[in-house]
Participant: 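Pasting a structure here, questions to come.
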Amino acid sequence: MIHLFNNVDIIRVVLDEKFNIASYMHWFSLEDQNKIASYYHYPDKLIAFTSGLLRNFYLPYFIDCNKEDLVIDYTLHHKPYISLPANIANSFNFNIAHCYNHVVLAIYKGSDYNIGVDIERIDEKVQINELSPLVFSESEQILINGLATNFFKLWTKKEALIKALGTGFATDFYQETQLNLEDFETTDDFNIFTMQIDNYFLSICLYKAGKS
């Protein structure tokens, strides 16, 4: 599993709400500009701006592709993927996550796994007893044991898993998993690596291609 994660590049951006995006909006297409501008709150505009920056400029750089040639489409469940050029689409896949002032781009080099990433801030005020049965299996609820750190660690692992799978919460799969609290977790179908960065958890999942 460690070898697999050698094929992963992670770019994490910590946002400064004082940063003025107006001077850089011309970098984006009119469609993207309208999408960014559609958000009511400035922090949400900043997240959309940064996500677009990573997707449209940093991603082509890391995969060695001209940004004008890169075509990104979306699955039925809104997961972004590279559709063109064909050689790049067959060699890389990516995922983006954000939480508060953090935006993360994860890129996997290879065609044998699909990647998913999630980042969450630990919130000690979270209603664990109310939310846990909605998201976690019985075994996972036992592991949480009323602790916010366990809740958010498992949450990022599960979110990264279903994002790699590409279905989001559209199926019951997320309630059938039996995830654990280890930093490295591996099964026949997927591998998950989790790290704590200050009061955030970041999880990266590689899900075997063709298994979904």
Side-chain angles (χ1 to χ4, degrees), residues 1-15 19 21 24-36 45-99 101-120 156-157 159-168 184 186 189-195 197 200-212:
M1 185 173 65
I2 294 176
H3 171 71
L4 283 176
F5 285 97
N6 287 338
N7 294 333
V8 174
D9 284 301
I10 297 289
I11 300 94
R12 180 174 64 98
V13 179
V14 181
L15 308 179
F19 179 77
I21 66 175
Y24 306 93
M25 289 289 282
H26 67 279
W27 290 356
F28 295 89
S29 67
L30 183 59
E31 180 182 0
D32 284 344
Q33 289 183 45
N34 290 334
K35 183 177 180 180
I36 294 169
K45 294 180 191 288
L46 185 56
I47 287 172
F49 171 86
T50 307
S51 297
L53 195 69
L54 291 175
R55 182 183 63 246
N56 297 340
F57 296 95
Y58 280 85
L59 177 61
Y61 171 79
F62 275 92
I63 64 178
D64 194 24
C65 176
N66 292 327
K67 66 183 182 66
E68 293 80 9
D69 298 329
L70 186 66
V71 178
I72 296 173
D73 285 320
Y74 293 84
T75 67
L76 178 64
H77 298 292
H78 311 294
K79 181 182 180 182
Y81 68 94
I82 299 168
S83 60
L84 290 173
N87 64 313
I88 297 294
N90 293 330
S91 302
F92 294 92
N93 66 93
F94 75 100
N95 203 225
I96 294 177
H98 60 81
C99 179
N101 66 333
H102 285 60
V103 180
V104 179
L105 168 67
I107 306 168
Y108 176 68
K109 183 178 181 180
S111 60
D112 47 344
Y113 286 86
N114 296 316
I115 195 167
V117 64
D118 189 48
I119 185 168
E120 299 290 343
T156 61
K157 294 181 74 169
E159 182 79 13
L161 171 59
I162 63 176
K163 287 178 71 176
L165 182 61
T167 60
F184 289 93
T186 183
D189 295 335
F190 61 82
N191 303 274
I192 304 175
F193 169 66
T194 304
M195 69 184 81
I197 307 170
Y200 286 81
F201 276 113
L202 170 67
S203 287
I204 306 141
C205 177
L206 297 177
Y207 194 94
K208 191 168 292 184
K211 297 293 290 187
S212 56

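Here the structure is a predicted model, which is why all the values come from computation and not from measurement.
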Participant: Output yes when a side-chain donor or acceptor of Lys163 lies under 3.5 Å from a complementary backbone atom of Ile115, and no otherwise.
Facilitator: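 The answer is no, because no donor-acceptor pair under 3.5 Å joins these two groups.
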Participant: Test side-chain contact (heavy atoms from CB on, under 4.5 Å) on Val103 and Leu53; report intermediate values, then the result.
Facilitator: CA-CA 11 Å; Val103 180; Leu53 195 69; over 6 Å; no
Participant: Quick one: does any side-chain atom of Asp9 pair with a main-chain N or O of Ile107 as donor and acceptor, under 3.5 Å?
Facilitator: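 Pair absent, no side-chain N/O of Asp9 close to backbone of Ile107.
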Participant: Between Tyr108 and Tyr207, is the ring centroid distance below 6.0 Å?
Facilitator: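 Ring centres of Tyr207 and Tyr108 not closer than 6.0 Å.
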Participant: Over all heavy atoms of both residues, which pair between Phe28 and Gly52 is shortest? Give the atoms and the distance, please.
Facilitator: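 Scanning both residues completely, I find the closest heavy atoms to be CE2-C, 3.6 Å.
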Participant: Please give me the minimum heavy-atom distance between Pro60 and Lys67, naming the atom from each residue.
Facilitator: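 Between these two residues, the closest heavy atoms are CG-CB, 3.8 Å.
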Participant: Quick one: does any side-chain atom of Asn93 pair with a main-chain N or O of Tyr113 as donor and acceptor, under 3.5 Å?
Facilitator: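 Judged by distance alone, yes, a pair lies under 3.5 Å.
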Participant: State whether the number of non-hydrogen atoms from other residues, nucleotides or ligands found under 6.0 Å of His98 atom NE2 is greater than 12.
Facilitator: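 Counting neighbours around NE2 of His98, 12 or fewer heavy atoms of other residues, nucleotides or ligands fall under 6.0 Å, so no.
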Participant: Give a yes or no on whether Lys45 atom NZ has more than 12 heavy-atom contacts from other residues, nucleotides or ligands under 6.0 Å away.
Facilitator: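 Buried by this count: over 12 neighbours within 6.0 Å.
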Participant: Within this structure, what is the CG-CD1 distance for the pair Asn191 and Ile204, rounded to the nearest 0.5 Å?
Facilitator: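 Atom-to-atom, Asn191:CG and Ile204:CD1 are 11.5 Å apart.
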Participant: What's the shortest heavy-atom distance between Ala106 and Val117, and which atoms?
Facilitator: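 Closest approach of Ala106 to Val117: CB-CB, 3.8 Å.
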Participant: Once you measure the plane-to-plane angle for Phe5 and Phe184, does it fall in the parallel (<30°), tilted (30-60°) or perpendicular (>60°) bin?
Facilitator: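 Geometry flag for Phe184 against Phe5: perpendicular rings.
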Participant: Give me the atom names and distance for the closest heavy-atom approach of Ala89 to Leu84.
Facilitator: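 Scanning both residues, the minimum pair turns out to be CB-N, 4.5 Å.
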Participant: Using the six-membered ring wherever Trp is involved, compare the ring planes of Trp27 and Tyr24 and label them parallel, tilted or perpendicular (cut-offs 30° and 60°).
Facilitator: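 Perpendicular.
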Participant: Can you name the closest pair of heavy atoms from Lys109 and Phe92 and give their distance?
Facilitator: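 Closest pair (atom of Lys109, atom of Phe92, distance): CG-CE2, 3.6 Å.
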Participant: Does Gln33 reach the main-chain N or O of Met25 with its side chain, forming a donor-acceptor pair under 3.5 Å?
Facilitator: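 Checking the backbone N and O of Met25 against the side chain of Gln33, a donor-acceptor pair under 3.5 Å is found.
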Participant: Shortest non-hydrogen contact from Asp118 to Ala160?
Facilitator: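 Heavy atoms of Asp118 and Ala160 come nearest at CB-N, 3.9 Å.
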Participant: Quick one, Ile63 and Ile82 - any side-chain contact, counting heavy atoms below 4.5 Å?
Facilitator: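 The answer is yes, as the side chains (C-beta and beyond) meet within the 4.5 Å cut-off.
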